[in-house]
Structure formats: C-alpha cells, structure tokens
Undergrad: 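Here's a structure for you.
Throughout, protein chains are lettered first and strands after them, A, B, ... in sequence-line order, and every chain is numbered starting at 1. All values below were derived from every heavy atom in this structure, side-chain atoms included, with hydrogens, water molecules and symmetry-related copies excluded.
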Number of protein chains: 2
Amino acid sequence: MSKQASLALRDLGADTPCCPSLAQQRVPAGTATVLAPAFKALGDPVRLQLMSMIASAKGGEVCVCDLTPAFDLTGPTISHHLKTLREAGLVDAERRGTWVYYRARPAILRQLAALLTVEPTTAA
Amino acid sequence: MSKQASLALRDLGADTPCCPSLAQQRVPAGTATVLAPAFKALGDPVRLQLMSMIASAKGGEVCVCDLTPAFDLTGPTISHHLKTLREAGLVDAERRGTWVYYRARPAILRQLAALLTVEPTTAA
DNA sequence: CCTCTAGGTTGACGTACATCTAATCAATGT
DNA sequence: ACATTGATTAGATGTACGTCAACCTAGAGG
C-alpha cells in the first residue's frame with residue numbers, strides 16, 4: 001500500500017507543469033486528494049522533526065539508530081512515523097547491513113513548497 | 001482557543017529570521033509543535049481546496065456562500081473546516097452584513113513554503 | 001416587531017490516528 | 001548453529017478527527 005502513494009506523487013510530477021501555486025488557481029479535487037496526504041504526514045511535530053533531520057543530514061541520509069534516541073518515544077513508534085513519511089512519498093529507506101538509512105525526496109518537497117508559494121506583494 | 005494558534009504563528013514570525021528551511025538545519029521541537037498544526041490543517045483534501053479557493057479569490061476574499069456549493073458537503077461541515085483553517089492561522093474571517101468573507105494570510109503560507117524549500121541542487 | 005433566511009455552533013457517532021507492549025524478521029559475531 | 005542487536009510488524013487502547021442532525025445567532029424585509 002506504500003507503493004500507490006509514491007507512484008501517485010511521482011505521476012503528479014508529470015501531469016503538472018511545475019508550479020501550480022495555491023493562490024494562482026483553485027487546485028483540482030484530484031490534485032488535492034493526492035497532495036493532502038503529504039501535508040498530513042508533515043502535520044505531526046515528531047514527523048516534522050524527523051523529516052527535517054533526514055533532509056538536513058550530512059551525506060543526505062540518516063540511520064534510524066540516530067533518529068530514535070532523539071525522541072522520548074519507543075523504537076516502534078519512530079518506525080511507525082517513518083513508515084508514514086515513506087508512504088507519503090516524502091522519504092526513501094534503504095537497508096545496508098545491520099542498519100536502515102533514510103533519505104529525503106527533494107522533488108516532492110519542492111512541489112509542496114511551490115504549491116504554498118504566494119507572490120511577495122499581496123495581490124489586490 | 002483559536003487565538004493561541006494565531007498568536008503562536010505570529011510570534012514565530014518574529015523570532016525566526018526568514019527562511020529556516022527544513023533541509024538546512026533540524027527544526028527545533030518548539031517550532032515543530034507550532035508549525036505542525038498548520039500542515040495538519042492542509043492535510044485534508046477539502047481544506048486544501050478551500051484554502052486554494054480563498055487564496056486565489058479575486059479581490060482577495062470569498063463569501064462562504066460561494067464556498068459551500070462547491071462541495072458535496074453540508075454547510076456545518078464546511079463551516080467546521082473553515083474553523084480549522086482559521087484556528088491554524090491560515091485564514092481570516094470577517095462578517096459583513098449577512099455574509100461572512102474569508103481572506104488568506106499570505107505571511108503564513110510564505111513561511112510554510114520557505115520551510116519546505118530545498119536547494120535546486122542536492123546539498124552534499 | 002416578527003418572520004425568514006443564511007452562517008455558525010454544539011452534541012453525538014463512527015472512523016482513523018498516535019502510542020505502547022509483545023512478537024517477528026534481518027544481519028552480525030561468537 | 002546460537003545468541004545479540006537493530007528494525008519492522010501485529011495487536012490493543014485511548015484520543016482526536018470528519019461528518020451530520022439539531023439548535024442558536026445575526027441581518028433583511030414585510
């Protein structure tokens with residue numbers, strides 16, 4: 001079930017030109033249905049920090065063993081949040097030996113940022 | 001209870017320089033706690049479309065009477081979603097005569113966009 | 001003043017979510 | 001092969017969310 005979300009987000013990159021922007025035109029229902037889960041995934045303080053730790057990591061990736069001790073939560077809970085980020089298409093996971101490494105998907109982040117971008121001067 | 005969220009978001013604009021960006025440094029727990037509700041508010045397809053309709057409205061504002069018929073939902077449900085957007089500090093409401101008009105808060109949108117903005121070239 | 005209409009609020013109900021403990025799977029080292 | 005460490009999965013529970021039906025509030029107009 002994690003694959004549909006990732007594929008849907010990837011496909012959306014194809015049928016949208018570049019920067020639709022919330023404020024330029026009404027986002028279609030289909031686009032909203034696809035992108036809302038990504039925002040929802042970022043709508044939790046723990047996941048927002050996890051996303052930031054992954055995106056700002058040196059080398060572009062982080063071991064789960066470095067993420068878990070950063071919170072007062074159990075390992076399974078962190079794993080659950082990482083799964084949510086994964087299913088939202090925001091991150092990728094790769095197992096290398098004993099540890100699992102997470103990596104951000106910059107394209108999706110850029111797409112979400114573009115959607116929220118509004119003109120510097122308020123449109124009259 | 002809606003005032004705390006708005007004030008918290010406004011305050012955050014003061015103590016943060018301009019564009020912290022997820023990928024430049026780990027977002028502090030406090031910032032995550034304040035901004036996550038804004039992302040959560042956008043994490044629903046209906047609210048994402050409502051936000052878009054409000055932000056893209058001619059004249060910068062929309063009447064609720066124009067928003068409600070755009071969905072297969074009852075009036076109270078739309079009202080509830082608008083309240084969620086209001087409490088997240090994403091929109092402002094103003095009653096003028098019989099109708100209530102909603103207006104976007106560009107500053108908050110810009111802040112969220114800045115947080116998600118990543119470098120065009122992957123940072124090593 | 002009283003009624004009508006448009007919005008917003010409250011309470012209730014079903015579902016989804018965040019979190020935990022316990023069990024399972026994967027990889028390394030003795 | 002066995003035990004150990006790391007990560008995910010499964011089951012359970014309390015809380016929050018989305019939705020609707022019913023009620024309350026505020027202008028408009030007779």
Undergrad: Please state whether the phosphate of C:dG7, meaning OP1 or OP2, lies under 4.0 angstrom from any side-chain nitrogen or oxygen of B:W99.
TA: yes

Undergrad: Nearest-Å distance, NE2 (B:H81) to C1' (D:dG18)?
TA: 6 Å

Undergrad: Could you state the interatomic distance from OH (A:Y102) to CG (A:L90), rounded to the nearest 0.5 Å?
TA: 12.5 Å

Undergrad: Counting distance only, does the side-chain N/O of A:S21 pair as donor-acceptor with the main-chain N or O of A:T117 below 3.5 Å?
TA: yes

Undergrad: OP1 or OP2 of C:dT19 less than 4.0 angstrom from a side-chain nitrogen or oxygen of A:T74, does that happen here?
TA: no

Undergrad: Using the 3.5 Å cut-off, write out each protein N or O paired with an N or O of nucleotides 8-13 of chain D and the distance between them.
TA:
unit_1 : atom_1 : unit_2 : atom_2 : d
D:dT8  : OP1    : A:Y102 : OH     : 2.8
D:dT8  : OP2    : A:S79  : OG     : 3.1
D:dT8  : O5'    : A:S79  : OG     : 3.3

Undergrad: Provide, to the nearest angstrom, the distance between the CG atom belonging to A:L42 and the C1' atom belonging to C:dA18.
TA: 16 Å

Undergrad: Let me know the distance between CD of A:E87 and P of C:dC17, rounded to the nearest Å.
TA: 10 Å

Undergrad: Hey, does the side chain of B:S52 reach the backbone of A:Q25 with a donor-acceptor pair shorter than 3.5 angstrom?
TA: yes

Undergrad: Under the 3.5 angstrom rule, does the side chain of A:S56 hit a backbone N or O of B:Q24 as a donor-acceptor pair?
TA: no

Undergrad: Thinking salt bridges, do B:D92 and B:R105 make one under a 4.0 Å N-O criterion?
TA: yes

Undergrad: Could you tell me the separation between the CG atom of A:L73 and the P atom of D:dA7, rounded to a whole number of Å?
TA: 15 Å

Undergrad: Give the rounded distance in Å between these two atoms: OH of A:Y101 and P of D:dG6.
TA: 12 Å

Undergrad: What's the CZ-C1' distance between B:R96 and C:dG7, to the nearest Å?
TA: 15 Å

Undergrad: Judged by atom type as modelled, is there a donor-acceptor pair below 3.5 Å linking the side chain of B:T33 to the main-chain atoms of B:A29?
TA: yes

Undergrad: Using a 6.0 Å distance limit plus a 45 degree cone around the ring axis, check whether A:R26 lies over the aromatic ring of B:F71.
TA: yes

Undergrad: From CG of B:L85 over to P of D:dC17, roughly how many Å is that when rounded to an integer?
TA: 14 Å

Undergrad: Please list, in numerical order, the residues of residues 43-51 of chain B that have a heavy atom closer than 4.0 Å to any atom of DNA chain C.
TA: none

Undergrad: B:L109 and B:L115: same hydrophobic cluster, using ILVMFWY side-chain contacts below 4.5 Å?
TA: yes

Undergrad: By side chain to side chain donor-acceptor pair (under 3.5 Å), which residues pair with A:R95, not counting sequence neighbours?
TA: none

